[in-house]
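Inspection log for the structure reproduced underneath, given as structure tokens.
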Amino acid sequence: MATIASPTLTLTPFTESGQQKVKIEVKYNVTFTANEVTLQTDGFKFQEVIQVLGVDAPSPVDQVLVNNILPTQDITIPGAGVAVSRTRTAKALRKDLQEDPTTGDADEIRCSIQIIPVAASAFTNTVSLAG
């Protein structure tokens, strides 16, 4: 199983075209095993999925604040035991990261990082439906 180490989130507020925005930067290292190298050789893909979450205690479930802001990416494994350094960045509107309804209440943000094996995927033919 892949190991994720040193996950770090940086949020940098800025203004662009008169809109309040936030630069989201996620950094981490991922290391794969020899078994995963073999799976990649056999055609498996490994995909990185990152979600931006609002953290609000005492709720046990984090709220997904923005979907697909950091699109899923394939990761190529260079070899067993080799750490792959990953950095992903995106921009979000500040209002989209508002997870606390009260003005002036700080918004607690974190990101979920997942490395997911994808064994096979395919598309069907395209069919047109009138109307």
Side-chain angles (χ1 to χ4, degrees):
M1 172 188 267
T3 303
I4 297 171
S6 304
T8 304
L9 170 65
T10 304
L11 300 175
T12 307
F14 68 100
T15 302
E16 182 177 71
S17 301
Q19 291 187 310
Q20 296 297 310
K21 295 188 177 182
V22 177
K23 176 183 172 188
I24 301 167
E25 182 177 76
V26 177
K27 291 182 178 183
Y28 68 95
N29 296 315
V30 60
T31 305
F32 294 91
T33 66
N35 288 339
E36 290 160 329
V37 172
T38 301
L39 289 172
Q40 178 179 261
T41 303
D42 291 342
F44 271 70
K45 290 182 184 178
F46 290 86
Q47 293 183 332
E48 166 197 81
V49 178
I50 298 176
Q51 292 182 308
V52 180
L53 308 171
V55 181
D56 236 347
S59 176
V61 179
D62 293 342
Q63 171 189 3
V64 176
L65 295 176
V66 284
N67 285 314
N68 301 319
I69 196 161
L70 293 159
T72 299
Q73 284 192 346
D74 290 345
I75 297 178
T76 301
I77 304 170
V82 177
V84 178
S85 180
R86 302 284 295 167
T87 300
R88 299 290 307 280
T89 60
K91 293 187 247 181
L93 292 172
R94 174 61 182 94
K95 67 181 181 76
D96 290 342
L97 300 178
Q98 183 69 39
E99 53 94 29
D100 285 316
T102 306
T103 303
D105 192 359
D107 297 303
E108 298 79 22
I109 311 296
R110 69 178 173 177
C111 290
S112 164
I113 304 166
Q114 298 175 315
I115 306 299
I116 300 173
V118 180
S121 61
F123 291 98
T124 67
N125 59 307
T126 301
V127 177
S128 296
L129 184 61

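Computation of the quantities below employed the complete heavy-atom set of this structure, encompassing side-chain atoms and omitting hydrogens, waters and symmetry-equivalent molecules.
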- Message: Count I, L, V, M, F, W, Y as connected when their side-chain heavy atoms are under 4.5 Å apart, and connections chain through other members. Are I24 and I4 then in the same cluster?
- Response: yes
Which is it for T15 and Q20 under the side-chain contact (heavy atoms from CB on, under 4.5 Å) test, yes or no, and what are the steps along the way? CA-CA 5 Å; T15 302; Q20 296 297 310; 3.0 Å; yes
For E48, the salt bridge (charged side-chain N to carboxylate O under 4.0 Å, His left out) test, sequence neighbours excluded, returns R86, R88
Interatomic distance, OG1@T89 vs NZ@K27, rounded to 0.5 Å, equals 10.0 Å
Those residues at least two apart in sequence (or on a different chain) that pass salt bridge (charged side-chain N to carboxylate O under 4.0 Å, His left out) with D96 are none
(Q) Please determine whether the number of non-hydrogen atoms from other residues, nucleotides or ligands lying under 6.0 Å from atom NZ of K45 exceeds 12. (A) no
Taken in chain and number order and not counting sequence neighbours, the residues that satisfy side-chain contact (heavy atoms from CB on, under 4.5 Å) with A90 are I69, L70
With sequence neighbours left out, the residues meeting side-chain hydrogen bond (donor to acceptor under 3.5 Å, both in side chains) with T41 are none
Sorted by chain and number, sequence neighbours left out, ring pair (Phe, Tyr, Trp, His ring centres under 6.0 Å) with Y28 holds for none
(request) For Q40 and I77, indicate whether the former's side chain and the latter's backbone hold a donor-acceptor pair under 3.5 Å. (result) yes
Worksheet item: Would a distance-only check, ignoring hydrogens and angles, find a side-chain to backbone donor-acceptor pair under 3.5 Å from Q98 to D107?
Response: no
In this structure, OG1 of T76 is separated from CZ of F32 (nearest 0.5 Å) by 9.0 Å
K91 meets the salt bridge (charged side-chain N to carboxylate O under 4.0 Å, His left out) criterion, sequence neighbours left out, with E16
Under a side-chain separation threshold of 4.5 Å, the hydrophobic residues clustered together with L53 are V64
With V30 as partner, the option from V82, V84, T3 fulfilling side-chain contact (heavy atoms from CB on, under 4.5 Å) is V84
Using a 4.5 Å side-chain heavy-atom cut-off and chaining through intermediate ILVMFWY residues, the residues clustered with I116 come out as V49
Joining Ile, Leu, Val, Met, Phe, Trp and Tyr whenever any side-chain heavy atoms lie under 4.5 Å apart, the cluster holding L129 also takes in none
Any side-chain heavy-atom pair of I109 and E99 under 4.5 Å: yes
Taken in chain and number order and not counting sequence neighbours, the residues that satisfy side-chain hydrogen bond (donor to acceptor under 3.5 Å, both in side chains) with Q47 are D74
By side-chain hydrogen bond (donor to acceptor under 3.5 Å, both in side chains), T33 pairs with (sequence neighbours left out) E36
By side-chain hydrogen bond (donor to acceptor under 3.5 Å, both in side chains), Q114 pairs with (sequence neighbours left out) none
In this structure, CD of Q51 is separated from CZ of R110 (nearest 0.5 Å) by 11.5 Å
Tightest non-hydrogen contact, residues V37 and G79, listed as CG2-C, 3.7 Å
The single option from V52, L11, T12 that satisfies side-chain contact (heavy atoms from CB on, under 4.5 Å) with V22 is L11
Here the pair of heavy atoms bringing V26 nearest to C111 is CG2-SG, 3.8 Å
